[in-house]
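What follows is a short report on a single structure.
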Amino acid sequence: MRNQFYLFFLLVLFIFSCQPTAQKTANRGTLAKNGLVSSSHPLASEVGVNILKKGGNAADATVATFFALSVVYPVAGNIAGSAFVVYRLKDGQIGSIDGREKAPAKAHRDMFLDKDGNVIKDLSLLGHLAVGVPGSVDAMVEMHKKFGKLAWKDVIQPAIELANNGFKLTKREAESLNRAKEQFKKINSYSLHVVREDRSWQEGDLIFYKDLAKALERIRDSGRDGFYKGETAELIAKEMEKGKGIITKEDLANYKAVWRTPVTTAYKDCKIISMPPPSSGGIALLQLMQGSENYPFTKWGQLNSQTIHTMTELERRVYADRATHLGDPDFYKVPSEMLLNPEYNKKRNASISPVQKTLSSAIKEGNVKSIESVETTHFSVVDKEGNAFSITTTLNSYFGSKVMVEGGGFFLNNEMDDFSVKAGVANQFGAIGGEANAIIANKRMLSSMTPTIVEKNGKLLMVVGSPGGTTIITTVYQVMLNVLAHKMTMQEAVNAKRFHHQWQPDIILMEKGAIPDSVKTRLQNMGHIISEIGGLGKVDAILRLPNGMYEGASDLNRSDGAALGY
Ligand code: DON
């Protein structure tokens, strides 16, 4: 009898050991029961999942993944950039933290203009003056203080080990480092270890970040003071002096991330929860979702000409609002209530014709031919209790300002370009702005980052976000509609082709191969101008399925990301 019991026990053990708790199916992404991290780097997702397995919650995993990305994905992952986090806890509580950079105290409205009032080319994009006072580390510290279950040092340690022990470059990362090589050399006054003189970086090369490991150790040992004060602050201040930058030790010591109330709206039986200003993304996304309720997109289909035309018309109106009304709410009275009033959006969208595009105003001309790269990064995290964190973090351009702090081993952002450096003049994403987003000392620059969470019938449904500058908003919008209106799985929704319109310039950017010629012709007959683009956004998202399992989807066709769970 005892033997029979033992054999039965072994059989049960065998069955369970063969049953992976995280698995992939054809049209679905990664399925997992207990928790999931979807990020743009497999090593970072792995760090996050290991934290969950060790008993950490979604906040612990978010912080750990964030710091891991600062090492393995330095093109956008960072300790000297910005981060927005939107969360929804298992009990339905929602909130957000704003770790957006600020203009240094010495910044002023015309700092990127010459004596004739013209914008000095590249000054807000490359080099030390382009850098905003970093905010992402303080956001992580605050978040961990409020929600963390594991010790602070334990969530940072995996990143330190990656930086010290080295890791293998993916093909895309090797290419990014090679592409930035000449700019690294031009902008920095010393030889960066990420510049290889003997040959180009190749996939599989081992790379180390020893100085960064030390900077991370200081954050591990002293929390926010390990970055905003002491040796790291000294190194940043020294780097600034060398390159005629204006960030001081006081700027760093004074930086504080801010807890903010997310913006929310209803879309059918769902509640959309997103990032409030200084993100433009949340308000714009919610306006788009409100507008979408009034059209039969499900019936028309996803990349149908009527759907594309209508979404484009909604986008045209929303981006025009963005340019005028959105900025840092601590400095400018953003009319959020008006913009999120369904009656306002209904009235504004009433002028949409089903057969003809509306002309974008010609008063403020944006001009963007192509987007340099989509190098911000978004990741999504859920734990087994149902806590969900949606986080987007950025250096702005790829490797930010291209300045690596000497002795610090990390790149500085070039977020000053997200301000409207001159009223009506387009930034690198073709976005124009005016008073609401003008440069003022200590003000936060407007962002398009749109970390978002969707709730259905009072339960978590989706965690989603993307990089892509101004294209973030339309990317998140489409991925959400793909699930909510077009009934796709999370992976199908992420994989599907995308398009983008932002009022100015008056062009639909269309991913290659998205639409057949017949659809293109129909759109052109309505007056639309279509321009092809390689890729829009890189989404990392999670869907909660009706059976309680999570489906994680990384943008495998557009990035090296990975959705990992257990
Ligand atoms: O905050 C923003 O909106 C931008 N700095 C994001 C930049 C970005 O997504 C980079 N990708 N193209």
Side-chain angles (χ1 to χ4, degrees), residues 40 69 73-78 80-86 96 98-103 124-126 130-136 139 172 176 179-180 274-285 319 322-323 326-328 368-379 391-402 411-421 426-433 436-437 443-452 464-476 498 500 502 509 511 533-540 555 558-559 561:
S40 40
L69 282 167
Y73 198 65
V75 71
N78 65 81
S82 54
F84 286 155
V85 187
V86 171
S96 78
D98 159 7
R100 184 63 163 167
E101 297 97 337
K102 292 173 89 161
S124 60
L125 280 171
L126 284 173
V131 187
V133 183
S136 53
R172 277 195 178 87
S176 301
R179 186 150 53 97
S274 196
M275 191 68 204
S279 173
S280 61
I283 288 190
L285 175 71
Y319 276 82
R322 178 193 190 277
L326 295 180
D328 180 352
V368 61
K369 293 273 179 300
S370 68
I371 288 165
E372 185 192 7
S373 59
V374 273
E375 301 304 2
T376 291
T377 191
H378 174 86
F379 61 100
I391 160 165
T392 314
T393 177
T394 187
L395 286 168
N396 198 16
S397 299
Y398 78 124
F399 303 111
S401 60
K402 315 290 187 284
F411 289 102
L412 296 172
N413 69 79
N414 64 344
E415 223 78 51
M416 290 299 283
D417 190 64
D418 271 349
F419 276 117
S420 169
V421 302
N427 74 0
Q428 68 166 329
F429 302 112
I432 51 183
N437 191 30
K443 183 178 173 186
R444 288 163 152 85
M445 55 295 279
L446 187 64
S447 171
S448 298
M449 293 190 287
T450 315
T452 300
V464 60
S466 175
T470 44
T471 72
I472 292 173
I473 303 164
T474 53
T475 294
V476 174
R498 303 194 266 262
H500 169 78
Q502 61 179 46
L509 292 178
E511 281 190 332
I533 186 163
L536 289 166
K538 293 177 185 173
V539 176
D540 277 283
D555 218 331
R558 301 176 182 92
S559 76

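Counting starts at 1 for both ligands and their atoms, in listed order. These values consider heavy atoms only, across backbone and side chains, with no hydrogens, waters or symmetry-generated copies.
In this structure, F429 counts as a contact residue of ligand 1, since one of its heavy atoms falls inside 4.0 Å of the ligand. Close to ligand 1: R100, with a non-hydrogen atom less than 4.0 angstrom away.
Listed by number with element, the atoms of ligand 1 under 4.0 angstrom from any heavy atom of M449 are 1 (O), 3 (O). Of all atoms in ligand 1, numbered sequentially from 1 with element shown, those under 4.0 Å from a heavy atom of G469 are 6 (C), 7 (C), 8 (C), 9 (O), 10 (C), 11 (N), 12 (N). Close contacts between ligand 1 and E415 involve ligand atoms 1 (O), 4 (C), 5 (N) [criterion: under 4.0 Å to a heavy atom]. The I472 neighbourhood of ligand 1 comprises atoms 9 (O), with distances under 4.0 Å to a heavy atom of that residue.
Among the candidates T377, T393, T376, the single residue satisfying the side-chain hydrogen bond (donor to acceptor under 3.5 Å, both in side chains) test with N78 is T393.
Contact annotation: the side chain of L509 never approaches that of Q502 to less than 4.5 Å [non-hydrogen atoms, C-beta and beyond]. At a threshold of 4.5 Å between non-hydrogen side-chain atoms, the residues K538 and S40 do not count as touching. Contact annotation: the side chain of S96 approaches that of P276 to within less than 4.5 Å [non-hydrogen atoms, C-beta and beyond]. Contact annotation: the side chain of M275 never approaches that of M449 to less than 4.5 Å [non-hydrogen atoms, C-beta and beyond].
When only interatomic distances are considered, the shortest N/O to N/O separation between P467 and ligand 1 does not fall below 3.5 Å.
The distance between the ring centers of H500 and Y319 falls below 6.0 angstrom.
Contact annotation: for N396 versus ligand 1, heavy atoms closer than 4.0 Å belong to both the backbone and the side chain. Contacts between T394 and ligand 1, counted as non-hydrogen atom pairs separated by less than 4.0 Å, involve the side chain only.
Checked for salt-bridge contact, R558 and E511 meet the test: a charged N lies under 4.0 Å from a carboxylate O.
Atom 4 (C) of ligand 1 has its nearest heavy-atom neighbour, among L446, D418, L395, in D418.
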